[in-house]
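Notes for the one structure printed next.
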Amino acid sequence: MKNRLVFATNNKHKLEEISAIVGDKIEILSLNDIDCHDDIPETADTFEGNAMQKARYVKEKYGYDCFADDTGLQVEALNGAPGVYSARYAGEPADSEKNIDKLLSNLSHVDDRKAKFVTCIALIKGDEEYTFYGEIAGHIIRERRGSAGFGYDSVFVPEGYEETFAQMGEEQKNKISHRAKAVKKLSDFLNTI
């Protein structure tokens, strides 16, 4: 029988990306599919804390086995910022373009632009809780390139590549990204239980 899980997100880009990675092995429901329109809190100071907070919220309030992710960009020269604040780096409401503007401004006089994307997925299946991590190293370029993807994709070039995530397109990104690595671990795990 196919595993059925709620993915605690209303971000259609994340939903499409994860659905493409897991294929038809797992039926993924969105928050919308279970009629959850709550603004689920993310008040932890770690990726794992935020992901688990979202998964627990759905499990406790709606009763579904659930997974949630928290993803962020960590830039070495900025002491790991924007980190868990990546989505709202430039303030409320969340705005990717303003976030990128702030990031590029903060790095305008910095030569060492090493960065990494980190994803933590928290899974609650039955009474058990699990976490899965994925990360990819790279660097931040000085101007946007590419129109695919979302978030910081247009300024992040993964190690070993010359294109940004936004230039390489979904299929290539889904093979190498931080989220792809974490989702693969999740998917492999679900196939063993």
Side-chain angles (χ1 to χ4, degrees), residues 3 5-23 25-26 28-31 34 36 38-62 64-76 78-89 94 96 99 103 114-140 149-153 156 158-159 165 170 173-193:
N3 273 304
L5 288 172
V6 172
F7 179 24
T9 190
N10 279 319
N11 181 321
K12 71 180 181 77
H13 297 293
K14 282 185 180 182
L15 203 55
E16 288 167 2
E17 196 172 279
I18 285 188
S19 295
I21 294 165
V22 299
K25 290 181 264 177
I26 302 165
I28 297 176
L29 303 175
S30 69
L31 290 175
I34 64 166
C36 172
D38 308 352
D39 190 12
I40 301 174
E42 292 179 67
T43 55
D45 57 5
T46 64
F47 297 122
E48 183 176 329
N50 280 333
M52 197 56 80
Q53 190 174 19
K54 290 186 279 188
R56 286 178 183 148
Y57 184 93
V58 170
K59 180 70 173 178
E60 288 164 12
K61 191 160 181 192
Y62 294 88
Y64 288 95
D65 284 348
C66 174
F67 70 96
D69 86 311
D70 195 33
T71 294
L73 177 68
Q74 295 180 316
V75 180
E76 253 182 50
L78 301 177
N79 297 315
V84 294
Y85 305 105
S86 293
R88 291 168 177 78
Y89 189 45
S96 291
N99 291 339
L103 178 69
K114 283 191 222 106
K116 66 180 177 180
F117 270 118
V118 177
T119 291
C120 177
I121 293 177
L123 167 68
I124 300 178
K125 186 117 174 78
D127 295 329
E128 299 295 320
E129 296 182 346
Y130 309 90
T131 52
F132 307 91
Y133 282 90
E135 62 180 60
I136 186 165
H139 67 275
I140 304 300
F150 60 100
Y152 298 92
D153 286 358
F156 181 82
E159 220 168 66
F165 270 165
E170 195 175 300
K173 178 187 171 188
N174 286 348
K175 289 178 183 166
I176 64 167
S177 79
H178 47 295
R179 190 170 290 110
K181 291 174 182 178
V183 171
K184 171 119 178 49
K185 290 175 186 174
L186 169 69
S187 181
D188 289 348
F189 173 76
L190 290 170
N191 287 329
T192 67
I193 57 173

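Taking CG of Leu186 as the start and CZ of Phe67 as the end, the distance is 5.5 Å to the nearest 0.5 Å. Taking NE2 of His178 as the start and CZ of Phe117 as the end, the distance is 5.0 Å to the nearest 0.5 Å. Lys116 contributes atom NZ, which lies 11.5 Å from atom CD of Glu159 (distance to the nearest 0.5 angstrom). Remark: Cys66 SG to Tyr57 OH distance equals 11.5 Å, nearest 0.5 Å. With rounding to the nearest 0.5 Å, the separation of OG1 in Thr71 from CZ in Phe47 is 7.5 Å.
No donor-acceptor pair under 3.5 Å is formed between the side chain of Asp65 and the backbone N or O of Leu5. A distance-only check finds a donor-acceptor pair linking the side chain of Lys54 to the backbone of Asp69 [under 3.5 Å]. In terms of modelled atom types and a separation under 3.5 Å, the side chain of Glu48 and the main chain of Cys120 share no donor-acceptor contact. Ser187 places no side-chain N or O within 3.5 Å of a backbone atom of Val183 that could act as its donor or acceptor partner. A donor-acceptor contact shorter than 3.5 Å is absent between the side chain of Asn99 and the backbone of Ala94.
Classification of the Phe156-Phe165 ring pair by plane angle, with boundaries at 30° and 60°, yields tilted. By the 30° and 60° cut-offs, the orientation of the rings of Phe189 relative to Tyr130 is tilted.
The number of heavy-atom neighbours closer than 6.0 Å to CZ of Phe150, taken from other residues, nucleotides and ligands shown, is above 12. Within a 6.0 Å sphere centred on NZ of Lys184, heavy atoms belonging to other residues, nucleotides or ligands number 12 at most. Summarising the local packing, CG of Asp188 is surrounded by more than 12 heavy atoms from other residues, nucleotides or ligands at distances under 6.0 Å. Remark: Glu129 CD is packed, more than 12 non-hydrogen atoms of other residues, nucleotides or ligands lying under 6.0 Å away.
Residues Ile18 and Phe7 form a side-chain contact, since some pair of their non-hydrogen atoms from C-beta on lies under 4.5 Å apart.
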